[in-house]
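Reviewing the structure listed below.
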Amino acid sequence: LGQGLDDNGRINGWENLADHIRNVFGRMGITDQETVALVCGGHVYGRCHPDLSGYAGAWVEEPTKFSNEYAADLVGDEWMYVEHGTTVNG
C-alpha cells in the first residue's frame, strides 16, 4: 500500500488489494468464496500479535465461536487511518 490517503480518505493503493488477494489464492485453486471463508475464519479464531501490530487481543468479541462477525465488522464498522503514533479516545 502507498503512503497517505486519497480524496475519499482511503489508503492509497487500496483498489489493488482484491486483485492481489484473488491472484495469490487463485494460484492455489481457491475460489473467492473459499478465500473469504479462510481469511475471515482465521481472524475469528486468531489474535493480533503485539510485536507486529502494537495491538494485543482477539479480532472479535467471541473468538471461540465461529461466526461472520469479522466480515460484518469490516463492512459495517467505521474505519479511520492510523499511523504508529496515533491514539484514539473511546
Side-chain angles (χ1 to χ4, degrees):
L1 292 175
Q3 295 294 316
L5 305 176
D6 67 13
D7 293 337
N8 293 312
R10 298 174 295 213
I11 298 173
N12 288 324
W14 68 270
E15 65 279 358
N16 299 319
L17 290 176
D19 287 337
H20 174 70
I21 292 168
R22 181 174 283 133
N23 181 286
V24 169
F25 283 91
R27 284 183 282 171
M28 295 180 273
I30 298 173
T31 67
D32 287 352
Q33 186 175 14
E34 293 165 334
T35 299
V36 170
L38 286 169
V39 172
C40 291
H43 282 86
V44 166
Y45 287 115
R47 301 183 83 69
C48 296
H49 300 278
D51 55 324
L52 301 174
S53 68
Y55 174 79
W59 289 99
V60 297
E61 299 209 16
E62 294 185 69
T64 59
K65 178 181 174 187
F66 191 75
S67 69
N68 71 340
E69 182 182 353
Y70 179 77
D73 288 348
L74 284 177
V75 174
D77 286 357
E78 185 175 327
W79 296 94
M80 62 181 273
Y81 180 74
V82 298
E83 294 180 334
H84 181 68
T86 303
T87 58
V88 179
N89 296 326

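Checked by atom type and distance alone, the side chain of D6 pairs as donor or acceptor with a backbone atom of G9 at under 3.5 Å.
In this structure R47 satisfies the salt bridge (charged side-chain N to carboxylate O under 4.0 Å, His left out) test with no other residue, sequence neighbours excluded. With sequence neighbours excluded, the residues forming a side-chain contact (heavy atoms from CB on, under 4.5 Å) with V39 are F25, T35, H43, listed by chain and number. The side-chain contact (heavy atoms from CB on, under 4.5 Å) search around N23 returns R27, not counting sequence neighbours. In this view, D73 satisfies the salt bridge (charged side-chain N to carboxylate O under 4.0 Å, His left out) rule with no residue, not counting sequence neighbours.
Side-chain contact check for N12 versus L5: every heavy-atom pair is 4.5 Å or farther apart. Side-chain contact between D77 and W79 is present, with at least one heavy-atom pair separated by less than 4.5 Å.
Annotation for D7: atom CG does not count as buried by contact number, only 12 or fewer foreign heavy atoms lying within 6.0 Å. Within 6.0 Å of CD on Q33 lie no more than 12 heavy atoms contributed by other residues, nucleotides or ligands.
Screening residues 29-40 for salt bridge (Lys or Arg N to Asp or Glu O under 4.0 Å), with sequence neighbours left out, gives R22-D32.
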Report all side-chain donor-acceptor pairs from residues 59-67 shorter than 3.5 Å, counting only partners two or more places apart or in another chain.
from: S67; atom 1: OG; to: E69; atom 2: N; distance (Å): 3.2

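For the atom pair L38 CG and T31 OG1, the distance stands at 9.0 Å (nearest 0.5 Å).
Two different hydrophobic clusters hold L74 and L17 under the rule that ILVMFWY side chains link at heavy-atom gaps under 4.5 Å.
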